[in-house]
Amino acid sequence: QVQLLESGGGLVQAGGSLRLSCAASGRTFSSYTMGWFRQAPGKERDFVAGIKRSGGNTYYADSVKGRFTISRDNAKNTVYLQMNSLKPEDTAVYYCAARSSSYINIEDRKYDYWGQGTQVTVSS
């Protein structure tokens, strides 16, 4: 089992940047594929980015490709989401998630563990 704790959210102006972190408990962090999802008010939770166990493979939603970067440090049990060129439509609660499979999946129901979320608000 793994527990996840996100941090780094906040209020930023359009065009700005934020870096989200997700710290995981347990010794088996490197055995999990990690994902970032987001949920805006009144909308479903959507996939943002995913990274495989070793960090060598990543996948992004089209809406964030070229602006967001997912990375992980298995020695620190942490996954990151660097968000640049932020837009008001990026405003949402951002969640990190873990799945024990070696494959990235864009469906939230495929993930086994979730953090509590961190709010990101982008003002215009």
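Model, not experiment: these values are computed from the prediction. The first residue in the sequence is number 1, and the count goes up from there.
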Enquirer: Would you call the rings of W114 and Y95 parallel, tilted or perpendicular, where under 30° means parallel and over 60° means perpendicular?
Expert: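 It falls in the perpendicular class, over 60°.
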Enquirer: If I take atom OH from residue Y111 and atom OG1 from residue T33, how far apart are they, to the nearest 0.5 angstrom?
Expert: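 Interatomic distance, Y111 OH to T33 OG1, rounded to 0.5 Å: 7.0 Å.
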Enquirer: For Q3, does the CD atom have more than 12 heavy-atom neighbours from other residues, nucleotides or ligands under 6.0 Å away?
Expert: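 Check fails, neighbour count at 12 or below.
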Enquirer: Counting neighbours of CG on L11 that are heavy atoms of other residues, nucleotides or ligands and sit closer than 6.0 Å, is the number greater than 12?
Expert: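 More than 12 heavy atoms, drawn from other residues, nucleotides or ligands, come within 6.0 Å of this atom.
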Enquirer: Does the side chain of Y94 pick up a donor-acceptor pair with the side chain of R38 at under 3.5 Å?
Expert: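 There is such a pair (donor and acceptor under 3.5 Å, judged by atom type) between the side chains of Y94 and R38.
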Enquirer: Can you tell me if Y113 has over 12 outside heavy atoms packed within less than 6.0 Å of its OH?
Expert: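 Result for OH/Y113: enclosed.
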Enquirer: Can K87 and D90 be counted as an ion pair, charged N to O under 4.0 angstrom?
Expert: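 The answer is no: the pair does not qualify as a salt bridge.
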Enquirer: CZ/R67 to CE/M83 distance, rounded to the nearest 0.5 angstrom?
Expert: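 With rounding to 0.5 Å, CZ (R67) is 9.5 Å from CE (M83).
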Enquirer: Between I104 and W36, is there a shared hydrophobic cluster once you connect ILVMFWY residues whose side-chain heavy atoms come closer than 4.5 Å?
Expert: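 No, it is not one cluster - the side chains of I104 and W36 are not joined through contacts under 4.5 Å.
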Enquirer: Working to the nearest 0.5 angstrom, can you tell me the gap between F68 CZ and L20 CG?
Expert: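 It is 8.0 Å, given to the nearest 0.5 Å.
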Enquirer: If hydrophobic clusters are built by linking Ile, Leu, Val, Met, Phe, Trp and Tyr wherever their side-chain heavy atoms come under 4.5 Å apart, do V48 and Y80 end up in the same one?
Expert: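 Looking at the clustering, Y80 is in a separate group from V48.
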Enquirer: Tell me whether the count of non-hydrogen atoms from other residues, nucleotides or ligands lying under 6.0 Å of NZ in K65 goes above 12.
Expert: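 Enclosed: over 12 neighbouring heavy atoms sit under 6.0 Å from NZ of K65.
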